[in-house]
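Shown next, in structure tokens, is the structure this report addresses.
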Amino acid sequence: MKDRKLLMIPGPIEFTPEVLRAMGMVTTSHVAPNFIEAFGQALERLRQVFLCPSGQPFVIAGSGTLAMDIAAANLVEPGDKALVVNTGYFGDRFAAILERYGATVTQVRAPAVGDAPALEEVETALKDPSTLRLRSGQGYKLMTITHVDTSTAVGADVKGLAALGREYGALVVVDGVCAVAGEEMRQEEWGIDLALTASQKAIGVPPGLALVVAGPRAMETFRNRKTPVGNYYADWTQWLPIMEGYEARQHRYFGTPPVNLIWALNVSLGQILDEGMDARFARHRRLSQALKAAVTALGMKQVPVSPDKTATTLTAPYFPDGVDRAMLAHVKEAGVIVAGGLHPAIKARYFRVGHMGAVSMSDILATVGAIEKGLAQVGYKFEPGVGLAAAQAILTR
Ligand SMILES: Cc1ncc(COP(=O)(O)O)c(C=O)c1O
């Protein structure tokens, strides 16, 4: 009997065999020609995956939090004002990081867990006359949006929010850690100045890479800084020549690059582009609809308050009445690992299923089957197969 479990958490995800083979290749020098070529190609491919032809990509060893740190360290100067559109746990984190670099942060919070602030509320904040009394004489320097808040599975209206940010002259920064290469995001077309993610989610590479694509306005803001970047490792002054060098197929050194992770990144980006971005977004939407239909058919509510506020890379069902997280051990016994709750206000009341990257139709069906088994094991009453039928109705359409 196979004892391997299917990993359906919101990152790290399941990786393709080709990506894992790249991780296992004999490590070469970071100046070896095959590494220089792969790094250069990965940088070019990142622009295509982020749909940002005029962006400057950065690939730096670290996790998604480093990518957030890089954005804040390079774009914020002490005294700047920043607006955080907060849909959960990771909005709080971005606010804390921005404050660490001296920003004065205003947060527009969701009215309830599982909700997102309305565009009108964000516009009201952007218009606030008090923002005109800034040291610089301008409004918000930047605004951050969490594309998918991984604690709540709330998906933000990034396109609408980015348009607003632009209208009011704020740099638009998108935390796409649980989104990029899964959720639809068109960085350049939607006016996003900086988008960031980490390797272990929909990008499909083991944890360890912070990925950032900065558009021309973000790079100009960085170049016009009056104060030095207050973080040595995150400073683009050090990293820009490295990225430009590798893209020109020349090696440059600042910090030793994670050779195998970058090989794996290049393989995964190639697979993503072979699928095509539109097809990839559509696949994520369909698999998400199938899982969500199953959850509803099984009588479970979800944390996001409505379908238009829901992510496609992640599903967050509340446990049904009388069921608690003990059920998750049975889901695991049935072969699938899902994640527990994360948002402190509701942590014990829900669980999370990640479905991004190379996830397939059969992964969704296996997950629904394991959830049904888990529910049955803890005595929840339902018609066995009702979740599977709801998922199949969408998958076979
Ligand atoms: C939306 C979001 N932002 C930031 C992070 C932080 O990324 P990391 O855990 O790789 O530091 C996560 C992690 O799950 C996330 O989901």
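What you are looking at is a predicted structure, and each value in this text was computed from that prediction instead of being measured. Indexing begins at 1, ligand by ligand and atom by atom, following the structure's order.
- Protein heavy atom in closest approach to atom 14 (O) of ligand 1: K201 NZ, 2.6 Å.
- No side-chain donor from either of T104 and K81 sits under 3.5 Å from a side-chain acceptor of the other.
- Close contacts between ligand 1 and V148 involve ligand atoms 1 (C) [criterion: under 4.0 Å to a heavy atom].
- At a heavy-atom cutoff of 4.0 Å, ligand 1 is contacted by the side chain of D175 but not by its backbone.
- Residues T227 and P78 share a closest heavy-atom pair of OG1-CD, 4.0 Å.
- Under the side-chain contact (heavy atoms from CB on, under 4.5 Å) test applied with L142, the options V172, L194, L98 reduce to a single match, L98.
- Scanning the protein for heavy atoms near atom 6 (C) of ligand 1, the closest one is T65 OG1, 3.5 Å.
- Taking every non-hydrogen atom of T146 and a distance limit under 4.0 Å, the qualifying atoms of ligand 1 come out as 1 (C).
- Ring orientation note: the planes of W236 and F58 are close to parallel, at an angle under 30° on the 30°/60° scale.
- Remark: ligand 1 and G64 share an N or O pair separated by less than 3.5 Å (distance only, no angle test).
- Counting protein heavy atoms only, atom 5 (C) of ligand 1 is closest to F90 CE2, 3.3 Å.
- Considering both main-chain and side-chain atoms, D149 never comes within under 3.5 Å of ligand 1 through any nitrogen or oxygen pair.
- Interface of M68 with ligand 1, defined as ligand atoms under 4.0 Å from a residue heavy atom, comprises 4 (C).
- For the residue pair Y233 and D69, no side-chain donor N or O sits within less than 3.5 Å of a side-chain acceptor on the partner.
- Geometrically, ligand 1 and T150 share a nitrogen or oxygen pair separated by less than 3.5 Å.
- With salt bridges taken as basic N to acidic carboxylate O contacts below 4.0 Å, one links D193 and R166.
- Note: an N/O pair closer than 3.5 Å links Q200 and ligand 1 by distance alone.
- Salt-bridge check for E247 with R249: failed, with every basic side-chain N at 4.0 Å or more from each acidic carboxylate O.
- Scanning all heavy atoms of the two residues, the minimum distance from T296 to Q302 falls at OG1-NE2, 3.9 Å.
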